Q: 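Please see the structure below; I have some questions.
Owing to the predicted nature of the structure, the values given are computational and were not obtained by experimental measurement.
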Amino acid sequence: MSEQIETVLNQCRMFKGINEQSLKKMSGIGQMVSYRKGETIFQQDQFCPGLFIVASGMVRVYKLAPSGKEHILHMPGPGDTFAEVATIGQFVCPAGAAALEPTTCVLLPVDLFNGALDEDHRLCRELLLGLSMRVRQFVGLLEDIVLRDATGRLAAYLIDKADDQGRVDMPSLKRYVANHLNLTSETLSRTLRRLTEANLIKPINHLCVQLQDREALLEIAEGISIAL
């Protein structure tokens with residue numbers, strides 16, 4: 001089990017920069033946890049159970065307004081983390097999380113994780129880079145909502161989520177992507193169709209698309225090229 005956890009940590013962006021000794025220490029405190037599709041992982045304002053690394057599947061991390069309206073902050077997939085800041089700060093979860101599909105994660109329990117940080121200052125420094133990337137990601141989300149139009153937001157999302165082969169796995173319910181990008185489902189479908197007709201993306205199936213022209217998508221995302 002420890003070897004399986006170490007493999008997951010090795011594939012995680014946040015932990016790629018840490019030394020081998022620290023990686024083994026993290027693997028030793030990790031636990032494999034699995035969730036059914038739709039199952040709640042933790043609720044907003046619940047005390048944080050720890051830091052999660054997605055091994056397989058996909059999670060929606062969402063914020064609920066007092067009115068009950070939900071906004072999806074991000075949808076971590078394999079190699080992504082969530083609940084990092086709440087774990088390190090040891091405060092309640094500012095958002096909720098639920099499995100979008102059958103999902104397995106590595107959980108680093110809050111007490112054990114922070115105990116390891118207390119003992120390993122080098123690990124603290126190495127994890128700062130990973131946390132700074134998370135902050136940058138949220139700044140990018142704010143930029144998407146405020147400065148980009150629908151096509152620019154979707155282009156940026158597809159580029160960010162694409163694997164090395166240019167494939168993007170989509171949630172089974174695309175309304176989650178629409179919510180994340182602050183779009184209506186109709187606008188998302190229309191924009192996907194426009195990108196397909198322009199030969200910038202190619203649907204593989206209803207859950208996966210292939211990027212056909214990454215450079216053109218990047219220009220649209222950055223506002224260099226006129227949106228379709």
Q: What distance do Asp169 atom CG and Cys208 atom SG have between them, rounded to the nearest 0.5 Å?
A: 5.0 Å

Q: For the side chain of Thr87 and the backbone of Ala83, is there at least one donor-acceptor N/O pair under 3.5 Å apart?
A: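 Present.
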
Q: Indicate yes or no: at least one non-hydrogen side-chain atom of Met75 is less than 4.5 angstrom from one of Val59.
A: no

Q: Shortest non-hydrogen contact from Ala95 to Leu73?
A: CB-CD1, 3.9 Å

Q: Is the backbone of Leu192 close enough, under 3.5 Å, to the side chain of Thr196 for a donor and an acceptor to pair up by distance?
A: yes

Q: Run the numbers on Gln46 and Val92 for side chain to side chain contact (heavy atoms under 4.5 Å, CB included), then give the verdict.
A: CA-CA 5 Å; Gln46 171 189 330; Val92 298; over 6 Å; no

Q: Just how far is it from atom CG of Asn10 to atom CD of Glu3, taken to the nearest 0.5 Å?
A: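 Going from the CG atom of Asn10 to the CD atom of Glu3 covers 11.5 Å.
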
Q: Do Pro76 and Thr81 have side chains that approach each other closer than 4.5 Å (heavy atoms only, starting at C-beta)?
A: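 Contact flag for Pro76/Thr81 side chains = no.
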
Q: May I ask you to decide if Ala216's main-chain N or O and Glu219's side chain share a donor-acceptor pair within less than 3.5 Å?
A: no

Q: Does Glu39 use its side chain to pair, donor to acceptor, with the backbone of Pro102 at less than 3.5 Å?
A: no

Q: Quick one: do Lys25 and Glu20 make a salt bridge, cutoff under 4.0 Å?
A: no

Q: Just verifying a value: how many Å separate Arg175 CZ and Glu186 CD, rounded to the nearest 0.5 Å?
A: 12.5 Å

Q: Using the rule given for side chain to side chain contact (heavy atoms under 4.5 Å, CB included), can you reason through Val8 versus Phe15, listing the C-alpha separation, both sets of side-chain angles and the distance that settles it, and then say yes or no?
A: CA-CA 10 Å; Val8 174; Phe15 289 89; over 6 Å; no

Q: Is the backbone N or O of Met58 less than 3.5 Å from a side-chain atom of Thr103, with the two atoms forming a donor-acceptor pair by type?
A: yes

Q: Can you tell if the side chain of Leu107 reaches within under 4.5 Å of the side chain of Met32, non-hydrogen atoms only?
A: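 Not touching, per the 4.5 Å side-chain cut-off.
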
Q: What I want to check is whether the side chains of Thr151 and Thr191 have a donor and an acceptor closer together than 3.5 Å.
A: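 There is no such pair (donor and acceptor under 3.5 Å, judged by atom type) between the side chains of Thr151 and Thr191.
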
Q: Mark yes or no for whether Ser22, through its side chain, and Ile18, through its backbone, hold a donor-acceptor pair below 3.5 Å.
A: no

Q: Taking all atoms of both residues into account, what is the closest heavy-atom pair of Leu64 and Glu70, and its distance?
A: CD2-CB, 3.7 Å

Q: Looking at Arg153 and Leu181, would you say the former's side chain and the latter's main chain have a donor-acceptor pair under 3.5 Å?
A: yes

Q: So if I apply the side-chain contact (heavy atoms from CB on, under 4.5 Å) rule between Asp213 and each of Asn199, Leu200, Leu195, which one comes out positive?
A: Leu200

Q: Using only atom types and a distance under 3.5 Å, with no angle test, would you say the side chain of Arg36 pairs donor to acceptor with the backbone of Ala99?
A: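 Side chain of Arg36 to backbone of Ala99, a donor-acceptor pair under 3.5 Å: no, none is there.
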
Q: Looking only at heavy atoms, what is the nearest atom pair of Leu9 and Met26, with distance?
A: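 Reported closest heavy-atom pair: CD1-CB, 3.7 Å.
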
Q: If you count every heavy atom of other residues, nucleotides or ligands that lies below 6.0 Å from Gln21 atom CD, does the total exceed 12?
A: no

Q: Heavy atoms only: give me the nearest Cys93-Cys48 pair and the separation to one decimal.
A: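 Between these two residues, the closest heavy atoms are SG-CA, 3.5 Å.
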
Q: So do the side chains of Leu154 and Leu158 get within less than 4.5 Å of each other, counting heavy atoms only?
A: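 Yes; the side chains approach each other to less than 4.5 Å.
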
Q: Check Leu183 against Ala150 and note the closest heavy-atom contact, atom names and distance.
A: CD2-CB, 3.7 Å

Q: What closest approach, in Å, do Ala155 and Ile220 show between heavy atoms, and which atom pair accounts for it?
A: CB-CG2, 4.1 Å

Q: Taking atom NZ of Lys63 as the centre, does the number of heavy atoms from other residues, nucleotides or ligands within less than 6.0 Å exceed 12?
A: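 More than 12 within 6.0 Å, yes.
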
Q: I'd like to know if the side chain of His71 and the backbone of Tyr62 have a donor-acceptor N/O pair within less than 3.5 Å.
A: no

Q: So do Leu108 and Ile53 actually touch side chain to side chain, heavy atoms under 4.5 Å?
A: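 When only atoms from C-beta onward are counted, Leu108 and Ile53 do touch, with a gap below 4.5 Å.
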
Q: Could you walk me through whether Ile201 and Leu217 pass the side chain to side chain contact (heavy atoms under 4.5 Å, CB included) test, one step at a time?
A: CA-CA 9 Å; Ile201 63 173; Leu217 288 169; 4.1 Å; yes

Q: Dump the intermediate steps for side chain to side chain contact (heavy atoms under 4.5 Å, CB included) on Leu188 and Arg190, then the final yes or no.
A: CA-CA 5 Å; Leu188 176 66; Arg190 186 165 58 249; over 6 Å; no

Q: Is the shortest heavy-atom distance from the side chain of Gln31 to the side chain of Pro109 under 4.5 Å?
A: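 SC-SC contact between Gln31 and Pro109 confirmed.
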
Q: Within the distance-only criterion (no hydrogens, no angle test), does the side chain of Asn114 pair as donor or acceptor with the backbone N or O of Val110 below 3.5 angstrom?
A: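 Yes.
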
Q: Salt bridge check, Glu6 against Lys24: does any charged N sit closer than 4.0 Å to a carboxylate O?
A: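 Counted as a salt bridge, because a side-chain N and a carboxylate O are separated by less than 4.0 Å.
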
Q: Mind checking whether Phe52 and Phe42 have ring centres under 6.0 Å apart?
A: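 That pair passes the under 6.0 Å test.
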
Q: Determine whether the side chains of Gln4 and Thr7 contain a donor N or O and an acceptor N or O closer than 3.5 Å.
A: no

Q: Can you tell me how far apart CD (Gln90) and CZ (Phe113) are? Round to the nearest 0.5 Å.
A: 10.5 Å

Q: If I take atom CD1 from residue Ile41 and atom SG from residue Cys105, how far apart are they, to the nearest 0.5 angstrom?
A: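 Reported value, rounded in 0.5 Å steps: 5.0 Å.
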
Q: Would you say Gln210 and Gln212 make side-chain contact, with heavy atoms under 4.5 Å?
A: yes

Q: Taking C-beta and beyond as the side chain, do Val61 and Ile72 meet within less than 4.5 Å on heavy atoms?
A: no

Q: In this structure, are over 12 heavy atoms from other groups packed under 6.0 Å from Gln43 atom CD?
A: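 For Gln43, atom CD is not crowded (no more than 12 foreign heavy atoms under 6.0 Å).
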
